[in-house]
Amino acid sequence: MPRVSVLIAAYNAAAYIEQALDSVVAQTIDNWEILVADDGSSDDTCAVVERRAVADPRIRLLRAERNGGPSAARNRAIDNARGDWVAVLDADDRWRPQRLERMLEAARTANAAIVADNYIRYDEGTQQDLGAVLPVDDGMSVLTPARFLDSERPFVTVRFGLLKPMASRAFLNTHAIRYSTEIRYAEDFHFFMTILLAGGRGVLVHEPLYVYTLPQSMTSKTVSGGTRTIPKHADRMWIADTLLAQHGETSSSETRAALHRYRRSMTTLGQGHRVHDLWRAGSKGQALLLAASHPLAVLGYGWTLPAAKRLRTRFSRRLNR
């Protein structure tokens, strides 16, 4: 039986899927399987995967008749997995060769139910690695629910919700945990939080071993051809309300406080979205009145925009020269 089942949800990813597969094949351990959960692709994604599966039986294709979203695709892969661990890899991303080996060692050392690592930002527009998002060393740290929640609030530089996990399949099955099909945005964040709130120990490996393709270039407005991300604030509000309803009364005081902070932050961010929508709709008077009464909401929303991210990246790179 494989030690790790690699889950790749793919939708029209023919131009990217081979580099993702190659990065798994290049791992320093070979006791893995790849489950590509195709999500109703209309391009050659399935043909590419089938050709690779003929050459390497560790690669399996799971077809879907219709598009169900990334959560449904990953759930199909989890249900068909045979490994002790399931590791998520997006179809347009890739791994460094030592990733699985280091992640398994971290899981064993920390007795963790879920492990993530530092990641490298890849700018497809310039075809450049922009470096790791977190300080790099050979250590690891604990990911508590409060730490994870607070990383997703406005004005935070690094969102832990973007981390790609490796989780214990036994823990997922024991606690009946799967990706929520109620949302199509921030589903990784919700999945990770569900495991932590169920009592799973989480750890973060500080070495950057995951190469994350940015949805939009940090030096231009070019959108990556492989991105399927469509930000939806309503999904974040659903997560905030759901986590608070399910765990607000049973969690520790630290976690409960963090859940409330996250809910307030999402409400504030929603007000910023409302200002933006009113302005774009031509209701500039209403937008200005709302902005005047909620200035923090406007700043918080502005912090999340691609233009602000590009400016922060340029400033950071200049400081690091």
Side-chain angles (χ1 to χ4, degrees), residues 3-7 23-24 26-32 83-90 93-122 128-153 155-172 188-214 218 251-252 254-255 257-258 261-262 312-313 315-317 319-321:
R3 183 81 168 119
V4 182
S5 296
V6 183
L7 318 179
S23 75
V24 180
Q27 291 298 297
T28 54
I29 66 169
D30 59 10
N31 193 12
W32 46 259
D84 298 325
W85 295 86
V86 294
V88 176
L89 172 60
D90 281 353
D93 295 340
R94 58 193 186 277
W95 292 346
R96 294 292 191 233
Q98 301 84 10
R99 187 174 193 258
L100 284 184
E101 183 179 354
R102 302 284 173 81
M103 299 277 275
L104 287 169
E105 176 62 21
R108 184 193 64 79
T109 302
N111 192 27
I114 187 166
V115 185
D117 58 336
N118 196 352
Y119 64 91
I120 301 161
R121 295 163 299 175
Y122 177 72
Q128 290 182 333
D129 287 348
L130 301 183
V133 296
L134 294 165
V136 178
D137 58 44
D138 58 359
M140 61 182 175
S141 54
V142 176
L143 286 172
T144 65
R147 184 186 180 195
F148 209 87
L149 283 162
D150 286 341
S151 79
E152 289 289 300
R153 297 167 63 205
F155 307 114
V156 175
T157 304
V158 180
R159 290 170 44 203
F160 286 174
L162 293 176
L163 302 177
K164 296 302 178 184
M166 183 185 78
S168 162
R169 188 165 67 92
F171 189 92
L172 297 181
D188 285 317
F189 167 67
H190 179 258
F191 178 73
F192 212 121
M193 277 303 307
T194 302
I195 294 172
L196 295 178
L197 290 170
R201 181 175 174 81
V203 294
L204 173 66
V205 174
H206 298 169
E207 184 178 2
L209 300 165
Y210 191 101
V211 182
Y212 169 70
T213 302
L214 296 168
M218 285 294 189
S251 299
S252 68
E254 179 188 37
T255 299
R261 285 195 299 271
Y262 179 72
R312 293 201 304 273
T313 299
F315 182 71
S316 175
R317 294 179 76 183
L319 286 179
N320 293 328
R321 284 178 181 172

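It should be emphasised that the depicted structure is a prediction, and the values quoted were computed from it without experimental measurement.
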Side-chain donor or acceptor of [X] paired with backbone N/O of [Y] under 3.5 Å:
X      : Y      : result
Glu254 : Ala146 : no
Thr255 : Pro145 : no
Thr109 : Ala106 : no
Arg261 : Asp150 : no
Gln98  : Met103 : no
Ser5   : Gly83  : yes

Distance (rounded to the nearest 0.5 Å) between [X] [atom1] and [Y] [atom2]:
X      : Y      : atom1 : atom2 : value
Trp85  : Ile114 : CH2   : CD1   : 9.0 Å
Asp90  : Leu7   : CG    : CG    : 10.5 Å
Leu163 : Phe148 : CG    : CZ    : 5.5 Å
Tyr119 : Thr213 : OH    : OG1   : 12.0 Å

* Criterion side chain to side chain contact (heavy atoms under 4.5 Å, CB included) on Lys164 and Asp188, from CA distance to verdict -> CA-CA 7 Å; Lys164 296 302 178 184; Asp188 285 317; 2.5 Å; yes
Side chain to side chain, [X] and [Y], heavy atoms closer than 4.5 Å:
X      : Y      : value
Val205 : Tyr210 : no
Ser23  : Leu89  : yes
Met140 : Val115 : no

* Applying salt bridge (charged side-chain N to carboxylate O under 4.0 Å, His left out), which residue pairs with at least one partner in residues 97-114 are found, sequence neighbours left out? -> Arg99-Asp117, Arg102-Glu207, Glu105-Arg108
* Mind jotting down which residue pairs meet the salt bridge (charged side-chain N to carboxylate O under 4.0 Å, His left out) criterion with at least one end in residues 134-146? Sequence neighbours excluded, please. => none
* Asked: Can Tyr122 and Asp93 be said to form a side chain to side chain contact (heavy atoms under 4.5 Å, CB included), step by step?
  -> CA-CA 9 Å; Tyr122 177 72; Asp93 295 340; over 6 Å; no
* Structure fact -> Across all chains, not counting sequence neighbours, the ring-ring contact (aromatic ring centres under 6.0 Å, His included) partners of Tyr262 are Phe189
* List for me each residue that meets ring-ring contact (aromatic ring centres under 6.0 Å, His included) alongside Phe191, sequence neighbours excluded, and say none if there are none. => Tyr179
List the atom pairs, with distances to 0.1 Å, where a side-chain N or O of residues 192-204 and a protein N or O form a donor-acceptor pair under 3.5 Å, not counting sequence neighbours.
from   : atom 1 : to     : atom 2 : distance (Å)
Thr194 : OG1    : His190 : O      : 2.7
Arg201 : NE     : Ala110 : O      : 2.9

Restricting to non-hydrogen atoms, name the atom on [X] and the atom on [Y] that form the minimum distance, rounded to 0.1 Å.
X      : Y      : result
Ala26  : Pro97  : O-CB, 3.6 Å
His206 : Ser141 : NE2-OG, 2.9 Å
Tyr212 : Leu162 : OH-CD2, 3.9 Å
Asn118 : Pro135 : ND2-O, 3.6 Å

* To do: Identify, with sequence neighbours excluded, every residue that meets side-chain contact (heavy atoms from CB on, under 4.5 Å) alongside Asp84.
  =>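 side-chain contact (heavy atoms from CB on, under 4.5 Å) list for Asp84, sorted by chain: Arg3.
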* **Single hit among Leu104, Asn31, Val86 for side chain to side chain contact (heavy atoms under 4.5 Å, CB included) with Val4** =>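 So the option named by the test is Leu104.
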